[in-house]
Amino acid sequence: MSILLNTLFENKLNYFKTFIGKTQEVLVEKIAPGIASGYGQHYIPVRFEITGTQKNTIHTVKLTELCGSDEDCYLLGELII
C-alpha cells in the first residue's frame with residue numbers, strides 16, 4: 001500500500017511541477033500577514049505575497065516553485081500587476 005501512496009504522491013508532485021513558470025488566476029481563500037493562499041484554475045494550491053487584499057478576490061500569479069511536503073505541498077507564486 002505504501003508503494004501505491006508514494007507513486008500517487010510523486011505523480012501529484014510531477015503534475016504540480018508542470019505549472020512552474022506559467023501564469024494562473026488564483027482565487028484567494030485565506031490571508032495571513034503578507035501571504036495570500038488559494039487555488040489556481042486547475043485546483044492547485046498556490047501561495048503568494050500580497051498586501052491589502054481580501055478573501056474571494058482573484059489575482060493573476062506567476063507560479064515560480066514547488067514548496068511544502070507531503071499533504072501540504074503547494075506552488076509559490078509572484079503577483080502579476
Compare every heavy atom of [Y] with every heavy atom of [X], then report the nearest pair and how far apart it is.
{"X": "Thr53", "Y": "His59", "value": "OG1-NE2, 2.8 Å"}
{"X": "Lys30", "Y": "Lys55", "value": "CA-CE, 4.5 Å"}
{"X": "Lys12", "Y": "Cys73", "value": "CE-SG, 3.6 Å"}
{"X": "Phe16", "Y": "Pro45", "value": "CZ-CD, 3.6 Å"}
{"X": "Ser37", "Y": "Arg47", "value": "CB-CG, 3.6 Å"}

Please tell me whether [X] and [Y] are part of a single hydrophobic cluster in this structure, the criterion being side-chain heavy atoms less than 4.5 Å apart.
{"X": "Tyr39", "Y": "Val26", "result": "no"}
{"X": "Ile81", "Y": "Ile58", "result": "no"}
{"X": "Leu13", "Y": "Leu63", "result": "yes"}

Which residue in the set Leu76, Leu79, Ile80, Leu75 passes side chain to side chain contact (heavy atoms under 4.5 Å, CB included) when paired with Phe48?
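Of all the options given, the one that passes is Leu79.
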Donor-acceptor under 3.5 Å (Gln41 side chain, Glu25 main chain):
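Checking the backbone N and O of Glu25 against the side chain of Gln41, a donor-acceptor pair under 3.5 Å is found.
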Roughly how far, to the nearest 0.5 Å, is [atom2] of [Y] from [atom1] of [X]?
{"X": "Gln24", "Y": "Phe19", "atom1": "CD", "atom2": "CZ", "value": "5.5 Å"}
{"X": "Ile35", "Y": "Thr51", "atom1": "CD1", "atom2": "OG1", "value": "10.5 Å"}
{"X": "Lys22", "Y": "Thr64", "atom1": "NZ", "atom2": "OG1", "value": "14.5 Å"}

Passes side chain to side chain contact (heavy atoms under 4.5 Å, CB included), Glu78 versus Val61? Steps please.
CA-CA 5 Å; Glu78 297 174 351; Val61 177; 5.6 Å; no
Decide yes or no on side chain to side chain contact (heavy atoms under 4.5 Å, CB included) for Tyr15 and Ile44, but give the supporting numbers first.
CA-CA 9 Å; Tyr15 177 67; Ile44 293 175; 3.9 Å; yes
